[in-house]
Amino acid sequence: MKFIIDDANVEAIKNLYEFFPVEGVTTNPSILAKAKKHPYEVLGEIREIIGADADLHVQVVSKKAEDMVREAKVICEKLGQNTYVKVPTTREGLKAMKALSKEGIKITATAIYTPMQAYLAGKAGADYAAPYVNRIDNLGANGVEAAKKIHDIFKNNGLKTEVLAASFKNSQQVLELCEYGIGAATIAPDVIEGLIKNASVTSAVEAFTSDFEGLCGKGKTMENC
Ligand code: G3P
């Protein structure tokens, strides 16, 4: 499962790229609004950090299919080859996906709350479909189960579309989808940090250091003991 950063904070992205095995960035209009910069300025900075080969997902804002298609082309022109255009999975969005896939533009179908939306997006040519796991949970349904079902629907119907699960609030939601072999997950920086935070690990590592320093002296390691 690919881990992707769901954020547009340049410092947070740099930091996560240094420490975690992440492979791209997703944004949406609300995420871009939080960055408080011109959208193409911040997206250009993100592209610089992640490199030309990494996946960058950028959402169209237009409502009508024809406008979405024009907007998608501008996004790709400005941000390069490995840019996925996120298209909300509405009636107009499906029309735009059909047109964009014919032109070879990479598509992430977004705002997915139901497996049927995902199936239609797959048939319309989307490369990824993004179910909103936690938001589905908040509606009283099961977001993890919905993402698994979508994965199965794609595999059982021979569609090339992969699940790009989104909207996570905790490690357990992510882990359950890793276990299932979902294609990708896009995760906010605080949830990515939470994937490795564990007081027992911290205390085990501290005990190793203190025992070794008891043997060889403060600051000593296997390099300089
Ligand atoms: O792009 C969709 C995803 O970012 C939604 O996440 O945390 O706003 O539910 P969230």
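This one's a predicted model, so the numbers in the text were calculated from it and none came from an experiment. In listed order, ligands and their atoms are each counted from 1.
- Ligand 1 lies out of reach of T26, whose nearest heavy atom is not under 4.0 Å from it.
- Polar contact check, T110 against ligand 1: no nitrogen or oxygen pair lies under 3.5 Å apart.
- Looking at K14 and E11, a side-chain N of the basic residue comes within less than 4.0 Å of a carboxylate O on the acidic one, giving a salt bridge.
- A heavy-atom separation below 4.0 Å is not found between N134 and ligand 1.
- Ion pairing of K155 with D152 is absent here, as no side-chain N (NZ or NE/NH1/NH2) approaches a carboxylate O to less than 4.0 Å.
- For atom 5 (C) of ligand 1, the nearest non-hydrogen atom of the protein is R135 NH2, 3.6 Å.
- With no hydrogens or angles considered, a side-chain donor-acceptor pair links K106 and N82 at under 3.5 Å.
- Side-chain contact between H57 and I4 is present, with at least one heavy-atom pair separated by less than 4.5 Å.
- Residue K86 touches ligand 1 through its side chain alone, judged by heavy-atom distances below 4.0 Å.
- Residue contact check: K169 has heavy atoms under 4.0 Å from atoms 7 (O) of ligand 1.
- Of all the heavy atoms of F168, none lies under 4.0 Å from any atom of ligand 1, so neither backbone nor side chain is involved.
- Cluster annotation: L16 and L56 are assigned to the same hydrophobic cluster (Ile/Leu/Val/Met/Phe/Trp/Tyr, side-chain heavy-atom contacts under 4.5 Å, transitive).
- Interface of D6 with ligand 1, defined as ligand atoms under 4.0 Å from a residue heavy atom, comprises 3 (C), 4 (O).
- Between E162 and K2, none of the side-chain N atoms (NZ, or NE/NH1/NH2) sits under 4.0 Å from a carboxylate O, so this pair counts as no salt bridge.
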